[in-house]
Number of protein chains: 2
Amino acid sequence: MAEALHPSQMRTYFALTEAASLLQYAVQQQLQAEGGLSYVQFEILAKLVDAGRPLTMTELADGVVYSRSGLTHQAGVLQADGLIARAPSTADQRATVVTITKAGRRRLEKVLPGHIDVVRGLLFETLSAQDVRTLGNLMTRVRDHMREQPPRSAAPRKSRGSAH
Amino acid sequence: MAEALHPSQMRTYFALTEAASLLQYAVQQQLQAEGGLSYVQFEILAKLVDAGRPLTMTELADGVVYSRSGLTHQAGVLQADGLIARAPSTADQRATVVTITKAGRRRLEKVLPGHIDVVRGLLFETLSAQDVRTLGNLMTRVRDHMREQPPRSAAPRKSRGSAH
DNA sequence: TATTGTTATACTCTATAACTATA
DNA sequence: TATAGTTATAGAGTATAACAATA
């Protein structure tokens, strides 16, 4: 089990990893500087606008965050800032329905141009239209495969804190 | 300034972003579960082994972390765990020289096979050898371009905390 | 019983600023 | 004066577990 990666795999892995890290960092800096938003907060607002309708906490959590309490926390921050509103659902009394406010839309609009500038300047500047399609095809395939994978969280019962 | 992205660019951006996020999360889980290491800690150990010689804190910080104090903190954790050792440099009295210990090497070796399994299973499973080369070429180009970019931290003098 | 969501809590990571010491 | 590194500190993000309410 677990032979070493092929050199071309290593090269690809490192390039992908570093590029993604640089891009993520730049995007986070831009969102914070121009809108006081963390990336997760930006994702929440974007998801609400994209959906075009209010979403429940569970719907929002999907793909954005790995724990429900994490989302509750972020929703609390966004609500305190007046960017979203939460109300009990009428359909299911257990559920909370999240709506984006006008201020939330404005904040998203304020931040979006800079966001696009960063992505274009870092990611797309050196890619031809054909490159973009090729990369899109490859990464879509990879992403779809990743989504299917079981989270492998059948982790060997190992130490929790600092293993030694 | 800042027109919308082309649909194929959006598709590529989202696929890349989500795939990188899923991969990063899976890798972090694996490193934590099997070795009690954060990704940054893993990078530090890997960098020391890769260099094949002791490195100064400044050398270590490059590319791994965005603030020196952050590295000091992580080095403290690794040292407390016995995975690295720090000693004053003889060449430059200001500098600290970091060495990986035997325990550090063992920890890295313990974690590496699982790391490779995750990367292979998630990233390379669906890619042909040709796909890997193509993706590597594209991402290497993108990464090199990103490295050259000024960090754009000439951020518009905006609010710091929660902008409103 | 299972699900939705919140709370309390604790831990990790990161960054800024002030500081020490060497160059 | 500039650089290497640490310290103190504070803030943000995230997760687990316990809980309340509803299905």
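Values in this document were obtained by computation on a predicted structure and should not be read as measured data. First the proteins, then the strands, lettered A, B, ... as listed; each starts at 1.
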Gap between atoms CD and C1', on Gln32(A) and dC13(C) respectively (whole Å):
15 Å

Distance in Å, Leu123(A) CG paired with Met146(B) CE, rounded so as to fall on 0.5 Å steps
5.0 Å

Is the shortest side-chain N/O distance from Ser89(A) to OP1 or OP2 of dT4(C) below 4.0 Å?
no

Mind calculating the distance between CG (Leu37(A)) and P (dG11(D)) to the nearest angstrom?
19 Å

Give a yes/no on whether any side-chain N or O of Gln93(A) is located under 4.0 angstrom from OP1 or OP2 of dT3(C).
no

Between OH of Tyr39(B) and P of dG13(D) the distance, given in whole Å, is 22 Å

Side chains of Asp131(A) and Ser128(A): donor-acceptor distance under 3.5 Å anywhere?
yes

Contact list please: residues 59-74 of chain A against DNA chain C, heavy atoms, distance less than 4.0 Å, in numerical order.
Arg68(A), Ser69(A), Thr72(A)

Expressed in angstrom and rounded to an integer, what is the separation of Phe42(A) atom CZ from dA12(D) atom C1'?
19 Å

Length of the CD-C1' vector between Gln28(A) and dG13(D), whole Å:
11 Å

Start with the C-alpha distance between Leu55(A) and Arg53(A), add both sets of side-chain angles, then the distance that settles side-chain contact (heavy atoms from CB on, under 4.5 Å), and finish with yes or no.
CA-CA 6 Å; Leu55(A) 297 175; Arg53(A) 64 176 177 84; 3.5 Å; yes

Look at the side chain of Thr58(A) and decide which nucleotide, out of dC13(C), dA23(D), dG5(C), has an atom nearest to it.
dG5(C)

Can you tell me how far CG of Leu22(A) sits from CD of Gln149(B), rounded to the nearest 0.5 angstrom?
10.5 Å

Result for 5'-nearest mapping on DNA chain D, choosing between Thr96(B) and Val77(A), is Thr96(B)

Rounded to whole angstroms, how far apart are OH on Tyr25(A) and P on dC13(C)?
17 Å

Show the nearest heavy-atom pair for residues Gly70(B) and Val65(B), with the distance to one decimal.
C-CG2, 4.5 Å

Please figure out whether Val40(A) or Arg94(A) has its closest DNA chain D nucleotide nearer the 5' end.
Val40(A)

Run Leu138(B) and Val142(B) through side-chain contact (heavy atoms from CB on, under 4.5 Å) and show every step you take.
CA-CA 6 Å; Leu138(B) 288 171; Val142(B) 167; 5.5 Å; no

Can you check the Ile44(A) CD1 to dG13(D) P distance for me, whole Å?
10 Å

Value in whole Å for how far the P atom of dT14(C) lies from CD of Gln41(B):
9 Å

Under the side-chain contact (heavy atoms from CB on, under 4.5 Å) rule, what do Leu127(B) and Arg141(A) come out as? Steps first, then yes or no, please.
CA-CA 8 Å; Leu127(B) 299 180; Arg141(A) 180 140 47 93; 4.0 Å; yes

